[in-house]
Protein chains: 2
Amino acid sequence: MRECTGVAQMRTGSITQSIARTFANFLTVVKKHNAIDCKYSVRTVWNGKRCARMLKKRTTLKDIARETGVHVSTVSRALDPATRKAITPEVAEKIQAAAERLGYRPNRIAAGLRTNRTMTVGVMIPDITNVIFPPILRGIESVLEPLGYASIIVNTDSEKERESRLVDVLRDRGVDGIIHTAALRSDPSIARAAEDGLPVVTLNRRVENSRIPYVINDEDGGIRDMLAHLRDLGHRRIAHIAGPQDLSTGQLRLAAFREAMADLGLGGSDRSVATAMRFHEHQGRQCAEMLLESGEPFTAILCANDRLALGAIEALRERGIDCPREISVTGFNDMPFLDLIRPKLTTVRIQQHSAGATAARLLLDLLGNGADDVPLETILPVELVIRESTARCPNG
Amino acid sequence: MRECTGVAQMRTGSITQSIARTFANFLTVVKKHNAIDCKYSVRTVWNGKRCARMLKKRTTLKDIARETGVHVSTVSRALDPATRKAITPEVAEKIQAAAERLGYRPNRIAAGLRTNRTMTVGVMIPDITNVIFPPILRGIESVLEPLGYASIIVNTDSEKERESRLVDVLRDRGVDGIIHTAALRSDPSIARAAEDGLPVVTLNRRVENSRIPYVINDEDGGIRDMLAHLRDLGHRRIAHIAGPQDLSTGQLRLAAFREAMADLGLGGSDRSVATAMRFHEHQGRQCAEMLLESGEPFTAILCANDRLALGAIEALRERGIDCPREISVTGFNDMPFLDLIRPKLTTVRIQQHSAGATAARLLLDLLGNGADDVPLETILPVELVIRESTARCPNG
DNA sequence: CTGAAAGCGCTAACAC
DNA sequence: GTGTTAGCGCTTTCAG
């Protein structure tokens, strides 16, 4: 059963071209992720019966109109809570009963064509695989779903071309609005959509030269608080591992770091700043090594994000430098699972779920479900989370 | 700027009720996640200009028909690659040029109403926040998106009632098909949808008494391999922390454990099995404690999932028992970030991205974009990942 | 090869 | 109160 044959096992059905092709796909899969060798074969069992691909016709307003002997529009009215009051109670009840009995479900896409409201919103994120986005999505969903909105989520991979294509994809599907998480710095496609009157809210980043409402975290406050914390522990020489400068967070946090250092009178040379190309452990490690080799002395590293911090700690460990005893390291975001990793990282918690919920509420306002005037800028509070990766400065 | 006022700061705009309400929401947010105290106020800056909520009319086929002096149907034909060949080349070119110039984008909603194909699929997952699902989603997207499909993702939270409502939500939106990740064991709503002719594929679990194609991982093989690995290390007394028995994975893995233990001649008492209510570290810890207190001797714990294993290791550490020196612990799934946690967990890697891609391909086949005969069962291979949490049995 | 016309399922003016 | 009518934007016969 689990021998290295590389041949799909079938119970019924004939070997058609499509089967061959399908199986070829599986082989490709196995090959591509070549972590997996041929120890197991992919097993497939065939369904003998040809799938009856006949979509059972849904019951429509017309059906229930015929059933109850009234006009479609009456049915429509009786079924819409907003217009039901204009209908004789008995008739309305009869109609509702029939609808129930026939299992009527409104066809939102037909309704959408008529009303120009699909009750669907688009959500653009860089990559769902990045752990900070799922909570944001749940936050968005938590306010939109109860109101009957569904969301189409797309991953931009932070690629300009892909992103602009996806904006079009969403518009083609007639979304009522778009929540854009981590838009690019200058973002013509989303700006154009907004100009065309499509409600748009951005999260984590502001689109320059636009009046698109945005919600961001108090990056500045987070950095300041973290720096104050380090200073209180006696640290004076503090290095920074900055994030990618083409991403909002990377840029904002670096700026905040420089400013706050100056304000605290700790302004150092730029040799105590290393900039990562990506928010990745590996980059954090490299940057930490660069900092160590620069010769610039420091007793703490403030990192622009948790993953960079994790990498930095790894680099220190490899050189036999203890964190936090010799060098304190801090992160940003408070991503999930952080408390399982030793030493537990001191970091800045950003609101994830709430950020999503807030953006969603803004979008609703834009959609006219409430305010007709909407805040341009919303800054969400952050919170310092002190754990084990920071300690009193050794010579402080 | 960052004082504890609790009052939103505004630049322009008047304090209307809606503003007050919106701000009340923010306060609620802050309150609810009361991890965040009043150290920072939420700042909002108001956009003075009332948003012009006039959706610019999109250009339609009619527009470009008028522009080029031909009939809408001709335009429709000229713009569809499949029917373009039936059009005089010059006319077709003129039409395409006009479409380009006017920035024409087909209205998929309208097309969908006509053709009954929305080029949208529904994807149901328990919870996007669970790290194993995002890669699955990317896998699905990787095959569907290039073909022009968008997906509506919904979180069921594994609640029956919610799940069945969401199936309806998806159907109302006219999705062409549904990929259901971790459906419930007996799942009337999705079964009904499938019976009604809606293409459905399930991932991770089979819906009983149905002909719904499903793709699952080789749970059995994974457990067997892990057990063989432990046996090779000299372990004979092996405990199991099982997952929730109402979830496919929990149930399958427990059954596989029992069977494989028997096959290896290691069959133990049921006192060496503890069952978690949820796949959560906390539960893993509790179960490990139960096992230790049971008095049943063991030198290894095979856990139904990584998170349980992480919890178990935590429990051991608290009691001063070293993993892996004294007791080996193993996981399942190989979730992201596992290699950052010490000791690095020995586990079974399941295909995540590929599983999604495979399910998507099956759905495509069901949609008629290929085969008309589709495998009922597809079992994906798994791979043993040996890291640091397993070691030779101390007295072995 | 192209135009005319019907209609997908629903909503919303406007009559009566 | 309820029926009539006219589309939303597109596809797809059916004529010519």
Side-chain angles (χ1 to χ4, degrees), chain A residues 55-96 98-99 102-120 148 171-176, chain B residues 55-96 98-99 102-120 148 171-176:
Chain A
L55 235 161
K56 200 195 277 180
K57 208 177 103 24
R58 287 171 63 134
T59 79
T60 73
L61 285 187
K62 208 195 279 180
D63 296 328
I64 112 148
R66 196 187 319 109
E67 187 83 1
T68 53
V70 297
H71 196 263
V72 249
S73 58
T74 311
V75 179
S76 172
R77 282 188 276 251
L79 261 27
D80 180 354
T83 50
R84 178 158 44 238
K85 54 178 175 295
I87 299 275
T88 319
E90 298 104 64
V91 181
E93 237 156 84
K94 187 175 65 177
I95 292 174
Q96 285 185 282
L102 300 180
Y104 173 76
R105 301 243 82 218
N107 181 334
R108 277 202 190 286
I109 125 140
L113 182 58
R114 186 67 237 254
T115 58
N116 250 319
R117 307 189 71 238
T118 53
M119 298 301 281
T120 308
R171 300 185 74 181
D172 291 353
R173 282 189 167 63
V175 294
D176 292 338
Chain B
L55 235 162
K56 200 195 278 180
K57 208 177 103 23
R58 288 171 62 134
T59 80
T60 73
L61 285 187
K62 206 194 279 180
D63 296 327
I64 111 144
R66 196 187 318 110
E67 187 84 0
T68 53
V70 297
H71 192 97
V72 252
S73 56
T74 310
V75 179
S76 173
R77 283 188 274 253
L79 261 25
D80 180 355
T83 50
R84 177 158 46 240
K85 53 177 175 294
I87 299 276
T88 321
E90 300 104 64
V91 181
E93 237 156 86
K94 186 175 63 175
I95 291 174
Q96 286 187 279
L102 300 180
Y104 173 76
R105 301 242 82 216
N107 181 335
R108 280 202 188 284
I109 279 261
L113 182 58
R114 187 64 233 254
T115 59
N116 247 319
R117 308 191 69 238
T118 52
M119 297 300 282
T120 307
R171 300 184 76 181
D172 291 352
R173 283 188 167 63
V175 294
D176 292 338

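Residue numbers start from 1 in every chain, and the chains themselves are labelled A, B, ... in the order their sequence lines are given, proteins ahead of strands.
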* Asked: So among Ile64(A), Val91(A), Thr60(A), which one has a side-chain contact (heavy atoms from CB on, under 4.5 Å) with Val75(A)?
  -> Ile64(A)
* **Range on DNA chain C touched by chain B, heavy atoms, distance below 4.0 Å** => dC1(C) to dG9(C)
* To do: Might you point out which heavy atoms bring His71(B) and Ala65(B) nearest each other, and give the distance in Å?
  => C-CB, 4.0 Å
* To do: Sugar-phosphate atoms are those with a prime plus P, OP1 and OP2; base atoms are the rest. Using that split, label each nucleotide of nucleotides 8-16 of chain D B, S or - for protein heavy atoms under 4.0 Å, 5' to 3'.
  => BBBBBB---
* Give the minimum heavy-atom separation between Ile95(B) and Ala78(B), together with the two atoms involved. => CD1-CB, 3.6 Å
Below 3.5 Å, can you tabulate the donor-acceptor pairs from side chains in residues 108-116 of chain A to any protein atom, sequence neighbours excluded?
residue	atom	partner	partner atom	Å
Thr115(A)	OG1	Ala111(A)	O	2.9
Thr115(A)	OG1	Arg117(A)	N	3.3
Thr115(A)	OG1	Arg117(A)	O	3.4

* Arg77(B): partners by salt bridge (Lys or Arg N to Asp or Glu O under 4.0 Å), with sequence neighbours left out -> none
* To do: Keeping the roles fixed (side chain from Arg58(B), backbone from Arg171(A)), state whether a donor-acceptor pair exists under 3.5 Å.
  => yes
* Under 3.5 Å, is there a donor-acceptor pair between the Arg173(B) and Thr120(B) side chains? -> no
* Asked: Taking five pairs at each end of the helix from dC1(C)-dG16(D) to dC16(C)-dG1(D), what angle separates the two helix axes (nearest 10°)?
  -> 40°
* Arg105(A) side, atom CZ; Leu79(A) side, atom CG - distance, nearest 0.5 Å -> 10.5 Å
* Can you see which heavy atom on Gly174(B) is nearest to which on Thr118(B), and at what distance? => O-OG1, 2.6 Å
* **By side chain to side chain donor-acceptor pair (under 3.5 Å) - contacts of Asp63(B) (at least two apart)** => Arg66(B)
